[in-house]
Amino acid sequence: MLHTVSSGTNAPAFEDYAAVIWPSLYRSAFLLTGNQADAEDIAQQTLLRAYRSWPRIIRADSPDAYVRRMLTNTFLSANRPKKRRLELLTDTPPEHGAAQRPHGPEDRLTLWPHVKSLPPRQRAVIVLRYYEDLSEQEIADILGCSRGNVKSTAHRALKVLRAALDSERTDGRENRHER
């Protein structure tokens, strides 16, 4: 059991904060890693680091932003073993068949495998921008870089995603004509 940190202010105890932030932290970690096991690992590592830094975090202007940055840095960390390869864990096997152009919420499902294949920094920018709905400046603050760097990283990632989707559509049309 974790010990309550009391700073003499109205700051929440770490346990209370962790319970409230966990769903958001886990969701972001899942979007970054692409699977439950790694998302849980990264979210737990982030909470462990946050516990160790709790007195500093509660003094920050935005504890949530501070912890989100910790999560993103944990994901991007160069300290992770280079030989470790993440496996995609799914509940169901992938479906084979002709690709159709979805409309509406299905677009995210079609796009998600391509987002997961992006390099970690590009994936982080895409997740923070389009899934977490953060501004370029907020992303720059989290990643510790300039807004220009965020823009160029997003541009490169979107270019790759567009090419992948165009290729998928072309392959789908060719498969229909072959039948």
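Just so you know, these numbers come straight off a predicted model, no measurement behind them.
Taking the side chain as every heavy atom from C-beta outward, F14 and L47 approach each other to under 4.5 Å. Residues T72 and F75 are not in side-chain contact: their nearest non-hydrogen atoms beyond the backbone lie 4.5 Å or more apart. Contact check for L161 versus L118: side-chain heavy atoms found under the 4.5 Å cut-off. Annotation: side chain of C145 is in contact with side chain of V150 (closest heavy-atom distance under 4.5 Å). I42 has its side chain out of reach of L32: every pair of non-hydrogen atoms, C-beta onward, lies at least 4.5 Å apart.
When all heavy atoms are compared, the tightest approach of V67 to A50 is CG2-CB, 4.4 Å. When all heavy atoms of R27 and Y131 are compared, the closest pair comes out as NH2-O, 3.1 Å. Across every non-hydrogen atom of N73 and I142, the tightest pair is OD1-O, 4.0 Å.
With hydrogens and angles ignored, the 3.5 Å screen pairs a side-chain donor or acceptor of S152 with a backbone N or O of N149. Distance alone, capped at 3.5 Å, is enough to place a donor-acceptor pair between the R129 side chain and the L134 backbone. A donor-acceptor contact shorter than 3.5 Å is absent between the side chain of E40 and the backbone of A37. The closest donor-acceptor contact from the side chain of S117 to the backbone of H114 lies under 3.5 Å. Listed for the S167 side chain is no donor-acceptor partner under 3.5 Å among the backbone atoms of A163.
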Applying side-chain contact (heavy atoms from CB on, under 4.5 Å) to R147 and K151, what does each step give before you reach the verdict?
CA-CA 6 Å; R147 278 185 64 216; K151 286 181 179 184; 3.8 Å; yes
Quick one, T74 with R49, criterion side-chain hydrogen bond (donor to acceptor under 3.5 Å, both in side chains). Give me CA distance, side-chain angles, the key distance, then yes/no.
CA-CA 9 Å; T74 300; R49 289 179 58 209; 2.7 Å; yes
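Checked against salt bridge (Lys or Arg N to Asp or Glu O under 4.0 Å), R56 has no partners two or more places apart in sequence or in another chain.
Between W54 and Y17, the ring planes are tilted. Angles from 30° to 60° get that label.
Donor-acceptor pairing under 3.5 Å is lacking for the side chains of S28 and R68. With no hydrogens or angles considered, a side-chain donor-acceptor pair links Q137 and D141 at under 3.5 Å.
Atom OG1 of residue T33 and atom NZ of residue K116 lie 8.5 Å apart, to the nearest 0.5 angstrom.
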